[in-house]
2 protein chains.
Amino acid sequence: MKITLPSNVDALLVKRPENVRYLSGFTAPEDAWVLYRPEAPVLFTDARYGEQAPAESRVPVEIVNPREGYGFLEPHVAGLRVGYEARHLPCAELERLRAVTSAEWAATENLVERPRRLKTPDEIARIRAAAALADRGLAWLLPRIRPGVRERDLALDLEFWLRREGAEGAAFDFIVASGPRGALPHGVASDRAIEAGELVTLDFGAVVGGYHSDMTRTVAVGEVTGEMRRVFDVVLEALEAALEAARPGVAARELDAVARRVIEAAGYGPQFVHSLGHGVGLEIHEAPFLNARSEEVLEPGMVVTLEPGVYLPGRGGVRIEELAVVTENGLELLSHSPRGWTEV
Amino acid sequence: MKITLPSNVDALLVKRPENVRYLSGFTAPEDAWVLYRPEAPVLFTDARYGEQAPAESRVPVEIVNPREGYGFLEPHVAGLRVGYEARHLPCAELERLRAVTSAEWAATENLVERPRRLKTPDEIARIRAAAALADRGLAWLLPRIRPGVRERDLALDLEFWLRREGAEGAAFDFIVASGPRGALPHGVASDRAIEAGELVTLDFGAVVGGYHSDMTRTVAVGEVTGEMRRVFDVVLEALEAALEAARPGVAARELDAVARRVIEAAGYGPQFVHSLGHGVGLEIHEAPFLNARSEEVLEPGMVVTLEPGVYLPGRGGVRIEELAVVTENGLELLSHSPRGWTEV
Ligand SMILES: [Mn+2]
Ligand SMILES: [Mn+2]
């Protein structure tokens, strides 16, 4: 992976785990650093990974003893101007770097996060695999959503199924929000038992090869009528308008506005309390962020969610979320579960 | 929870999640800050937690909009000397704090981590509950350890059992290391199938009320003879010597030495490649660290692990780990699973 250094630095010290993994492929990035130089990147890690790191890393590996501090860096950075990740490096670490090296240290932001927005075919394949697993997991779970079942048990069942089938982990704490809890945009599964005649919002994902998937479906437990049914139709229409409008060159804030206008026209604008979506990759939420303040413009290779929602406090809510990759012509969906009105 | 501020600061801005939780009791500490002053601490969080935060927090809550930056702090810190957590606050955050407040910001380290070493009765009760759950989980798992079973499936089975029984989560990625993989001190469960005549090391724990447990057992799958049997006896003897020696006033490095001397006398000193143990609480590994370089002295209320191990590369290993609280007279075990030679 190549990154572009600004003209005021010769190298970049990368410590944020997702960025270390992105630049090297090493799967224990919490215990490693990358010193990035276009011609000679190095991965530093400790003796526990003496076999694993060279086997996994795309960049040369140097085994060091971090207990002895940052001294191992000096031969690599002496006399250089080196960038650090200002949004992630703790203040005390910068002091230590300055104390034991003769480099000139300079604050940088988003130098790795920006290229991470555009996925390679290999990265897209991992996200696709995670999304396919999630689709299969939902198909397995749907018949198990019944009155009397606790939200938490559904979330556990789904997580365990995904992990048994090969997911490295859950992409996040799954949201299972039934009935009035559907009004909580982040209603992590609770002890509440589901009742007949309610909507249930399921927001979940898998991790495969370090990459996440993210999908939300809202389903009806038996017959649901009245306003929530209408809210569902509005959210679905907003999502489909955004899916239709998404293509390279469209501004993220315009895409957010496309979905928001549908919901506003139906009178639920103030109840769509969050942004339209976000990038997905090594992190579950990463750039590009699709919201009304965004400066981003869609480009081929971006993997994003589109997830409009309407939340009626005390009553319930609906969110439907698709995961898709921006292509030359539009969007290709990575999530494939039916998104229309579904009764279980 | 009270902390002692050094004389160069009037207040401390706490952002590290475990420290925020410790000072407030708020269970979404990733999304919150505590401004600690002995007479008037404040918890800041956002509108998503408008109901939850006042219900949970032991300190007064102020709902703020973090999207607008750190401006919310100025009325609280104007003219004060405020400490920040230098080992955790990113450099860019400190710049932002300095830009929008008139406080004088000063680096601090471990001001909350130090008092966290000494647990209250409520904290000990949570760790005890997590350890009791882990004991029950092991009793459930033991009959399921059989030749042909994969390490990963045992780890998943145990995690799921613990979470179904009420654990909020796994304390860490469980270690299930069989046969030659026992030589890896951090042998997270793999696809390897267990074989008859091998040792299996299980290192796992539960989380209850935010607090962790941690326990390791090494069991034999059928009959195991030869050197590994002798290694087991050595590790067990080292552990029991340390359990015997532990009491208030004993230096952590002396306790490490007590266990190490037993292992060295048996000729396995170089194969005990890690330290004796660590504190356990809101984090799985926290102060006090029990190792040869430690300046710590045991005090009543510390909750620590004692976990000697011997690792023979390519052949296997043994680790046995107990979790205990330091009392006025010695130690009280929190882990209660039988630790002697066990064949499954
Ligand atoms: Mn999402
Ligand atoms: Mn431990």
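Order of the sequence lines fixes the chain letters, A, B, ..., with proteins taken first and strands second; residue numbering starts at 1 for each chain. Just the heavy atoms: all of them, side chains too, but no hydrogens, waters or symmetry mates, feed the values below.
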Before giving the answer on side chain to side chain contact (heavy atoms under 4.5 Å, CB included), spell out for A:H274 and B:R48 the whole-Å C-alpha distance, their side-chain angles and the decisive distance to 0.1 Å.
CA-CA 11 Å; A:H274 53 69; B:R48 286 175 294 169; over 6 Å; no

Can you tell me if [X] has over 12 outside heavy atoms packed within less than 6.0 Å of its [atom1]?
X	atom1	result
B:D173	CG	no
A:R98	CZ	yes
A:E104	CD	no
B:N8	CG	yes
A:E30	CD	yes
A:R144	CZ	yes

Does any part of the side chain of A:R164, heavy atoms only, come nearer than 4.5 Å to the side chain of B:D157, both counted from C-beta?
yes

Is the closest side-chain heavy-atom distance between A:R87 and B:E93 below 4.5 Å?
no

Before you tell me yes or no, could you show the steps for B:R163 and A:D153 under salt bridge (Lys or Arg N to Asp or Glu O under 4.0 Å), namely the whole-Å CA-CA distance, both residues' side-chain angles and the distance that decides it to 0.1 Å?
CA-CA 10 Å; B:R163 289 173 61 189; A:D153 289 327; over 6 Å; no

Of all the heavy-atom pairs spanning B:P90 and A:A86, show the shortest one and how long it is.
CB-O, 3.6 Å

Once rounded to the nearest 0.5 Å, what's the spacing between atom CD of A:E85 and atom SG of B:C91?
10.5 Å

Among B:P185, B:A92, B:G169, single out the residue with the greatest number of heavy-atom pairs under 4.5 Å to chain A.
B:A92

Heavy-atom pairs under 4.5 Å with chain A, option from B:R152, B:H88, B:H186, B:E95 with the top count
B:H88

Identify which part of B:R150 has an atom lying under 4.5 Å from any heavy atom of chain A, answering side chain, backbone, both or neither.
neither

Electrostatic pair B:E109:A:R96 at N-O distance under 4.0 angstrom
yes

